[in-house]
Amino acid sequence: MAPRRLGRAFFARQTLNVARELLGQKLVRLHPGGVRLSGWIIEAEAYIGSDDLGCHARHGRTARNESMWGPAGRAYVYFTYGMHWMLNIVTEAEGFPAAVLIRALFPDEGLPSMRRRRRGSPDVRLTDGPAKLCRALGINRSFDGVDLCRAETRLFLESLPQVDEASVTRGPRVGLNTVPEPWQSVPWRFRVRPEIVQGLFKED
DNA sequence: AGCACGATTAACT
DNA sequence: GTTAATCGTGCTC
């Protein structure tokens, strides 16, 4: 049975639901030449609107965060710390700035390419951070604004069964250390339980 | 024009 | 646990 691509309707919903339901879905990067790089999403965070003081949209609409204001199902890719790219997927209605940050993957296809891009990292560290997975998959500025729902894109998501509730943990978002409350502590981070991810690595 | 800092990572004590 | 790396971005002057 051929896997189905996640379409616009999946992303054009409440960001918290999208973030939760992205767990277990497969992120696929099509390499030039047809090689597939992919991994299952195991961690994601919601950033919701310009009132959310942890969200880049708190500055209003700017050149950098423009993609977040666009239609759902596009990539919002930004540069930070002078060296790292981060991948988000835009959610909700066009004109409302919200997105889900993809924070970690369990690597599946294209391991040799990922190892080349992330030279020196063991497989368990290949895609276990938001900047690491962008590096491993070769995601950079050129992906900002790309529509992940179109047939010919080189980046998209494939639909897989939902991760069951018992396998999911929820908590505060990471790295918002100077953000005012309640935004620093709202439980908008979703993860597949670490012990389950460890089990996935052991199966290989 | 200048400045402080970031949705992080790897290396080190 | 602490810190350097490294530069685009948004804010202040």
Side-chain angles (χ1 to χ4, degrees), chain A residues 11 14-23 25 27 39 41-70 72-92 96-107 114-146 148 155 157 168-192 194 197:
Chain A
F11 301 107
Q14 291 208 353
T15 309
L16 288 172
N17 292 335
V18 177
R20 159 66 181 86
E21 294 171 29
L22 272 173
L23 296 181
Q25 309 305 305
L27 179 68
I41 296 173
I42 56 175
E43 181 176 352
E45 285 176 353
Y47 290 85
I48 313 176
S50 38
D51 293 337
D52 173 4
L53 296 182
C55 179
H56 288 167
R58 67 182 176 277
H59 301 298
R61 195 165 183 154
T62 69
R64 183 201 203 195
N65 69 30
E66 174 64 25
S67 295
M68 255 205 288
W69 303 75
R74 296 196 182 176
Y76 165 44
V77 177
Y78 70 89
F79 186 67
T80 190
Y81 290 106
M83 62 193 95
H84 299 307
W85 297 100
M86 306 277 176
L87 170 67
N88 297 253
I89 303 173
V90 177
T91 58
E92 312 226 12
F96 183 84
V100 174
L101 172 70
I102 307 302
R103 285 196 58 90
L105 304 175
F106 174 74
M114 295 192 206
R115 293 184 185 119
R116 215 173 303 127
R117 286 216 178 84
R118 297 261 307 123
R119 198 172 296 282
S121 286
D123 286 357
V124 290
R125 300 265 172 279
L126 232 35
T127 54
D128 67 339
K132 297 182 199 180
L133 70 90
C134 283
R135 185 72 187 267
L137 269 52
I139 294 168
N140 55 36
R141 158 126 316 160
S142 73
F143 286 80
D144 184 40
V146 164
L148 308 180
L155 189 67
L157 289 114
V168 175
T169 59
R170 195 177 163 168
R173 297 174 292 182
V174 177
L176 306 186
N177 302 308
T178 64
V179 169
E181 296 292 3
W183 310 110
Q184 185 170 144
S185 301
V186 288
W188 291 357
R189 176 195 194 197
F190 298 87
R191 307 173 75 188
V192 174
V197 175

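Chain letters run A, B, ... following the sequence lines, proteins first and then strands; every chain starts at 1. If you're wondering where the values come from, they're calculated on a predicted model, not measured in any experiment.
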Which nucleotide in the list C:dG10, C:dG8, B:dT9 gets nearest to the side chain of A:Pro130? B:dT9
What does B:dC3 pair with, Watson-Crick or G-U, if both distances are under 3.5 Å? C:dG10
Would you indicate what A:Arg135 reaches in the nucleic acid, counting non-hydrogen atoms under 4.0 angstrom: base, sugar-phosphate, or nothing? nothing
Output yes when a side-chain donor or acceptor of A:Arg115 lies under 3.5 Å from a complementary backbone atom of A:Asp123, and no otherwise. no
Can you tell me if A:Arg117 uses its side chain to pair, donor with acceptor, with the backbone of A:Ala136 under 3.5 Å? yes
Report which part of the nucleic acid A:Gly129 touches: base, sugar-phosphate, or nothing (heavy-atom distance under 4.0 Å, all strands). sugar-phosphate
Should A:Leu137 and A:Met114 be marked as a side-chain contact (heavy atoms from CB on, under 4.5 Å) after you check the CA-CA gap, both sets of side-chain angles, and the distance that decides it? CA-CA 6 Å; A:Leu137 269 52; A:Met114 295 192 206; 3.9 Å; yes
Opposite nucleotide pairing with B:dA10, Watson-Crick or G-U, both atom distances under 3.5 Å: C:dT3
Nearest to the side chain of A:Thr62, which nucleotide is it out of B:dT9, B:dA7, C:dG10? C:dG10
Of all the choices, B:dG6, B:dA7, B:dT9, which nucleotide is nearest to the side chain of A:Lys132 once you look at every atom? B:dT9
Proximal nucleotide (of B:dG6, B:dT9, C:dT9) relative to the A:Tyr81 side chain: B:dG6
Pair of N/O donor and acceptor under 3.5 Å linking B:dA7 base with A:Tyr78 side chain: yes
With a 4.0 Å cutoff (strictly under), does any side-chain N or O of A:His59 reach OP1 or OP2 of C:dC11? yes
Calculate the interatomic distance between A:Glu45 atom CD and B:dG6 atom P; express it in whole Å. 15 Å
Check for me: is A:Tyr47 stacked on B:dA7 by the 5.5 Å centroid and 30° plane-angle rule? yes
Quantified in whole Å, what is the C1' atom distance between nucleotide B:dC5 and nucleotide C:dT3? 16 Å
Could you tell me how far apart A:Arg119 (CZ) and B:dA10 (P) are, to the nearest whole angstrom? 15 Å
Indicate whether OP1 or OP2 belonging to C:dT9 is found under 4.0 Å from a side-chain N or O atom of A:Thr80. no
Residue closer to the 5' end of DNA chain B, A:Arg64 versus A:Arg118 (nearest nucleotide): A:Arg64
Using 0.5 Å steps for rounding, measure from the CG atom of A:Leu87 to the CG atom of A:Leu148. 7.5 Å
Might you work through the side-chain contact (heavy atoms from CB on, under 4.5 Å) test for A:Asp144 and A:Tyr78, ending with a clear yes or no? CA-CA 7 Å; A:Asp144 184 40; A:Tyr78 70 89; over 6 Å; no
Just compare B:dA7, C:dG10, C:dT6 and give me whichever is closest to any side-chain atom of A:Met83. C:dT6
